[in-house]
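In what follows, a structure is listed as structure tokens, so that the remarks can point back to it.
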Amino acid sequence: MRAFASSADLTDKTQTLEIVGEGVYALTAEGDPNVGAVEADDFLICFEAMATPAAARQWLERLREHTDKPVRYLVLSHYHAVRVLGASAFAADVIVAHENTRFLIEERGLQDWESEYGRMPRLFKDPGSIPGLTRPTLTFTETVRIDLGRGRFLELRHLGRGHTEGDIVAWLPDQRILFAGDLVEAQAALYTGDAFHREWSTTTLDRVAALGAATLIGGRGAVTCDVPAAIGQTRDFLEVMLREVGTVHRRSGTLKEAFEAAHAALAPRYGRWPIFEHCLPFNVSRLWDELDGVERPIIWTAERDRAVWNQLQS
Ligand SMILES: [Zn+2]
């Protein structure tokens with residue numbers, strides 16, 4: 001039997017800091033969650049907070065080799081624990097997220113913390129450094145524009161439901177750089193356990209593509225300048241799941257059959273990418289619910305994680 005989720009993945013990944021544009025930084029890590037930062041004239045905007053303050057402090061130390069501007073805004077692309085629980089390390093004036101993210105943190109943030117810690121313990125460097133749930137101090141529903149000075153600005157936009165019901169992206173129109181959060185992955189498997197597959201694979205990704213980014217930093221994987229390929233891969237992953245799970249669902253098959261069909265269809269192209277085996281049971285379970293008409297994802301708890309894993313990955 002496979003080790004649960006990513007619990008056996010204990011080897012640290014190499015982190016790479018890239019300057020992807022003028023005053024634009026991305027830290028990628030071989031498929032671990034990415035983070036970034038954008039310089040305004042006299043402050044910084046950080047994108048994503050990592051899983052713990054201890055992990056975030058290591059990122060900030062590297063960023064401080066390039067700039068000593070204070071962090072005014074910390075932007076959270078969505079509510080997942082490995083993206084938000086390091087927030088206190090940034091000492092940001094404002095923590096920005098979508099209104100639905102605020103709701104999700106209140107509704108299921110504690111369960112998600114426990115679930116993600118169990119699934120991905122390596123990302124939780126010094127878990128005792130987490131002071132509690134991260135709560136946004138500024139939320140919005142459509143767009144927020146942050147003035148960077150000298151006529152430049154950063155746009156935070158909600159492009160529809162996708163990886164969660166509260167995803168936002170950070171868009172720099174003058175340099176055509178996009179921080180896409182987990183709406184787009186670059187050669188890393190998708191996690192869709194809290195997703196809205198049909199909306200994500202159609203209108204939401206259409207809107208991401210319509211921005212016309214030249215450089216994209218996805219939720220995981222390398223910085224890419226082949227943006228259509230990254231969006232196309234994300235869409236293909238979702239479409240294959242919809243097709244395979246949908247076929248089994250329509251003929252009143254079982255969840256286990258749907259998992260096996262999706263696994264067989266996805267593995268040749270995506271099976272070697274980070275977190276593929278970890279994610280797939282949770283992905284198929286959520287899509288099955290979605291096809292059953294369950295509008296909002298059922299809350300993942302540590303117990304439910306194990307039950308689904310034992311049912312599908314054993
Ligand atoms: Zn996520």
Side-chain angles (χ1 to χ4, degrees), residues 5-6 9 27-29 31-36 46-52 55-56 74-87 95-98 100-105 107-124 133-134 136 156 158-170 178-197 199-201 204-205 208 216-221 230 233-234 237-238 241 273-276 278-287 290 296-301 305:
S6 290
D9 170 8
L27 187 79
T28 63
D32 274 0
N34 295 333
V35 294
C46 286
F47 188 76
E48 313 284 37
M50 303 190 119
T52 68
L74 173 63
V75 177
L76 308 174
S77 72
H78 63 286
Y79 84 98
H80 282 148
V82 298
R83 305 273 170 190
V84 305
L85 291 178
I95 300 176
V96 193
H98 191 270
N100 291 345
T101 293
R102 184 214 300 269
F103 177 80
L104 286 160
I105 287 168
E107 180 194 39
R108 59 184 70 192
L110 281 172
Q111 291 98 323
D112 182 64
W113 178 352
E114 190 186 8
S115 161
E116 295 199 37
Y117 184 41
R119 293 179 186 186
M120 299 171 274
R122 179 175 53 78
L123 297 181
F124 284 77
L133 289 175
T134 297
L156 305 179
H158 174 62
L159 301 171
R161 297 183 301 181
H163 174 73
T164 70
E165 58 197 289
D167 303 287
I168 58 174
V169 301
L178 182 68
F179 288 92
D182 276 329
L183 283 179
V184 180
E185 310 295 358
Q187 306 211 335
L190 271 60
Y191 175 65
T192 73
D194 289 317
F196 296 76
H197 294 73
E199 193 170 328
W200 185 2
S201 63
T204 301
L205 282 181
V208 174
L216 182 144
I217 301 96
R220 293 172 180 259
Q233 170 246 304
T234 301
F237 195 109
L238 293 166
M241 283 186 56
W273 289 5
I275 67 171
F276 175 80
H278 159 167
C279 291
L280 205 60
F282 309 121
N283 292 357
V284 172
S285 178
R286 165 54 191 158
L287 178 51
E290 190 179 325
R296 298 187 62 240
I298 298 169
I299 295 174
W300 289 104
T301 62
D305 284 2

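Order of listing sets the numbers, starting from 1, for every ligand and every atom in it.
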ask   = What is the name of the N/O/S atom in H80 that sits closest to the Zn ion (ligand 1)?
value = ND1
note = Looking at H163, the N, O or S atom sitting nearest the Zn ion (ligand 1) is NE2
task = Can you spot which of V35, D32, V82 makes a side chain to side chain contact (heavy atoms under 4.5 Å, CB included) with M50?
result = V35
query = Hey, does the Lys NZ or Arg CZ of R286 hover above the aromatic six-ring of F196, less than 6.0 Å from the centre and inside 45° of the axis?
reply = yes
query = Are D112 and W300 close enough, and set up right, to give a side chain to side chain contact (heavy atoms under 4.5 Å, CB included), and what steps lead you there?
reply = CA-CA 6 Å; D112 182 64; W300 289 104; 5.9 Å; no
message = Counting backbone and side-chain atoms alike, is an N, O or S atom of D182 positioned under 2.8 Å from the Zn ion (ligand 1)?
response = yes
query = Salt bridge between R83 and E48, side-chain N to carboxylate O under 4.0 Å?
reply = yes
